[in-house]
Amino acid sequence: MLRLLFLLPPYLPHLTLFCDSKSMSSAADNEFMARALKLAERGLYTTTPNPRVGCVMVRDGAVVGEGWHERAGGPHAEVVALQAAGSRARGATAYVTLEPCHHQGRTPPCDEALIAAGVTRVVAAMHDPDPRTAGQGMARLRQAGMAVETGVLENEAQAINRGFISRITRGRPWARMKIAASLDGKTALMNGKSQWITGEAARNDGHHWRARSCAVLTGIGTVRDDDPQLTVRAVATSRQPLRVVIDSRLELPLAARVLEGGGVLVVCAVADQAKAARLQDKGAEILVLPNAAGKVELPALMQELGRRGINELHVEAGHKLNGSLLNEGCVDELLLYLAPCLIGDRARGMADLPELADLAARRNLAISDMRKIGGDIRIMAGWAAT
């Protein structure tokens with residue numbers, strides 16, 4: 001559970017949460033919900049675009065069935081847990097990390113499955129923000145005579161699904177910007193060389209964050225300097241995230257490693273059919289999204305990624321694109337790895353941001369977690385409340 005607890009609560013200032021009148025949860029409720037959250041975490045790398053959900057069935061104080069949602073199109077956590085419980089589900093309490101769905105999608109509604117199985121109490125960590133359910137699941141269970149409760153370990157449940165919540169409520173993914181830098185805030189030499197500032201343990205940890213993301217975004221500058229693959233290699237996963245390259249003028253080299261294996265979206269600002277055709281022959285998809293300055297319209301890209309079902313976006317870019325994303329309000333969280341070294345002023349910084357004339361204009365962050373990863377320091381930070 002430690003991996004969940006450091007993420008930022010509350011989820012978003014404008015997120016509308018649905019409230020049930022409820023008593024204080026018991027120690028047993030917390031214990032079983034914590035178990036359900038651990039189950040949900042098993043789908044961390046695979047459930048896209050669906051939420052990560054775990055469920056535990058408890059009868060007479062003993063677990064009689066449990067399960068988690070593994071991937072879109074597969075059975076939901078409640079159904080897996082009901083199948084494991086069998087007839088023992090009758091009279092049981094279901095602990096589920098997200099409100100049981102009320103709508104018919106690729107699988108039937110979970111609220112009806114719980115009713116049919118004879119479950120008598122449902123404890124949900126949080127309501128589902130999806131308007132197709134959004135309180136209706138719990139209402140249907142209550143209508144069927146069940147005891148229902150929400151809010152048990154709610155912050156932890158929101159943390160594990162903050163990308164899903166962001167896409168549903170804002171129409172855009174939760175964007176996490178990863179930066180590896182020296183203690184004096186430098187990410188690369190002036191000639192672009194950056195491999196490697198941080199140690200192997202930090203780099204491997206970064207692959208965990210890639211793996212849980214639906215897409216990894218970089219810019220043409222990083223491709224030129226580092227020729228990255230942007231794939232997940234240091235952790236086991238059955239799914240590779242979509243790779244997104246911001247390349248305003250379609251200058252991506254055809255031999256770039258990021259093009260290997262397909263699954264690449266190249267976002268540009270020019271409709272150059274000849275260049276686009278060559279990249280398409282390499283398996284890339286081309287998306288033209290220009291702004292008035294002839295660059296890529298980044299907020300529009302965030303909305304497009306949300307439309308494509310991208311819940312979490314992992315950014316690994318250079319200081320120029322980092323600065324643009326920050327300036328245009330496209331970043332929700334910073335994932336910083338700081339190495340115990342100094343590089344000096346004549347090197348590239350973390351982000352190309354405009355000069356300030358007054359410290360009152362600075363952008364304040366709230367650090368949610370800080371820990372050592374190998375010989376480096378990892379800092380998680382979001383925007384401080386104003």
Side-chain angles (χ1 to χ4, degrees), residues 175-213 215-235 237 240-268 275 278-279 282-284 295-296 298 301 313-326 330-331 334-344 346-353 373-376 378:
R176 182 180 296 111
M177 177 175 284
K178 178 244 181 179
I179 300 175
S182 61
L183 280 183
D184 52 348
K186 303 303 179 182
T187 60
L189 304 179
M190 286 301 292
N191 60 14
K193 292 182 179 180
S194 63
Q195 299 178 337
W196 297 105
I197 291 176
T198 54
E200 183 177 3
R203 297 198 297 274
N204 290 345
D205 187 72
H207 277 254
H208 155 75
W209 296 97
R210 279 189 190 178
R212 69 172 283 166
S213 301
V216 180
L217 181 145
T218 195
I220 182 61
T222 298
V223 173
R224 284 190 185 126
D225 290 338
D226 298 337
D227 194 21
Q229 294 174 269
L230 294 184
T231 54
V232 178
R233 300 181 299 281
V235 298
T237 178
Q240 288 291 340
L242 172 71
R243 291 171 288 176
V244 182
V245 180
I246 305 294
D247 181 15
S248 294
R249 295 186 292 274
L250 287 179
E251 298 172 326
L252 187 62
L254 297 180
R257 293 198 300 168
V258 74
L259 292 172
E260 295 173 1
V264 179
L265 175 66
V266 180
V267 189
C268 63
K275 289 182 177 180
R278 288 192 287 271
L279 290 169
K282 296 287 291 185
K295 302 288 186 180
V296 169
L298 296 173
L301 174 59
L313 177 66
H314 182 81
V315 178
E316 292 192 26
H319 70 299
K320 289 185 178 180
L321 181 53
N322 283 350
S324 296
L325 289 164
L326 289 165
C330 297
V331 177
L334 296 178
L335 170 62
L336 307 177
Y337 296 91
L338 298 180
C341 65
L342 303 174
I343 294 179
R346 294 185 62 80
R348 298 181 183 180
M350 294 184 183
D352 186 10
L353 296 173
I373 305 291
D376 303 311
R378 189 188 73 192

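- Looking at Thr218, its side chain does come within 3.5 Å of a backbone N or O of Glu316 through a donor-acceptor pair.
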- Apply side chain to side chain contact (heavy atoms under 4.5 Å, CB included) to Ile246 and Ile220, showing your working. CA-CA 6 Å; Ile246 305 294; Ile220 182 61; over 6 Å; no

- prompt: Could you walk me through whether His208 and Val232 pass the side chain to side chain contact (heavy atoms under 4.5 Å, CB included) check?
  reply: CA-CA 8 Å; His208 155 75; Val232 178; over 6 Å; no

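- Using a 4.5 Å heavy-atom cutoff, the side chains of Thr231 and Arg243 are in contact.
- Scanning for side chain to side chain donor-acceptor pair (under 3.5 Å) contacts around Ser182 gives Asp184, with sequence neighbours left out.
- For the pair His319 (side chain) and Met350 (backbone), a donor-acceptor distance under 3.5 Å is absent.
- Note that OG of Ser324 is 9.0 Å distant from CG of Leu326, once rounded to the nearest 0.5 Å.
- A donor-acceptor pair is defined here as one N or O able to donate and one able to accept, closer than 3.5 Å; such a pair exists between the side chain of Arg203 and the backbone of Thr198.
- One finds the CG atom of Leu265 at 11.5 Å from the CG atom of Leu279 (value rounded to the nearest 0.5 Å).
- Here the side chain of Arg210 pairs no donor or acceptor atom with the backbone of Val216 at under 3.5 angstrom.
- Counting heavy atoms from C-beta outward, Val331 and Val315 have side chains that stay 4.5 Å or more apart.
- The heavy-atom pair separating Ser213 from Pro241 by the smallest distance is O-CB, 3.5 Å.
- For the pair Thr187 (side chain) and Gly349 (backbone), a donor-acceptor distance under 3.5 Å is present.
- Taking each heavy atom of Ile197 and Ala180 in turn, the nearest pair found is CD1-O, 4.4 Å.
- Contact of the Arg249 side chain with the Lys295 side chain is registered, since non-hydrogen atoms from C-beta on lie closer than 4.5 Å.
- A donor-acceptor contact shorter than 3.5 Å is absent between the side chain of Arg176 and the backbone of Trp209.
- Remark: the backbone N or O of Gly199 is paired with a side-chain donor or acceptor of Asp376 at under 3.5 angstrom.
- The NE2 atom of His314 sits 10.0 Å away from the CG atom of Leu217 when rounded to the nearest 0.5 Å.
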* To do: Any chance you could lay out the side chain to side chain contact (heavy atoms under 4.5 Å, CB included) test for Tyr337 and Ile179, step after step, and finish with the verdict?
  => CA-CA 6 Å; Tyr337 296 91; Ile179 300 175; over 6 Å; no

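- Atoms CZ and CG, from Arg278 and Leu259 in turn, are 13.0 Å apart once rounded to the nearest 0.5 Å.
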Go through the steps for Asn322 and Met177 under the test side chain to side chain contact (heavy atoms under 4.5 Å, CB included), then give the verdict. CA-CA 8 Å; Asn322 283 350; Met177 177 175 284; 3.4 Å; yes

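- Sorted by first and then second residue, the salt bridge (charged side-chain N to carboxylate O under 4.0 Å, His left out) pairs with a member in residues 221-230 read Arg224-Glu251, Asp225-Arg348, Asp227-Arg257; sequence neighbours excluded.
- Residues Val258 and Pro228 have side chains not in contact (no heavy-atom distance under 4.5 Å, counting atoms from C-beta outward).
- Atom CD1 of Ile373 sits about 4.5 Å away from atom CG of Asp205, to the nearest 0.5 Å.
- Atom CG of Leu321 and atom CG of Leu298 lie 6.5 Å apart (nearest 0.5 Å).
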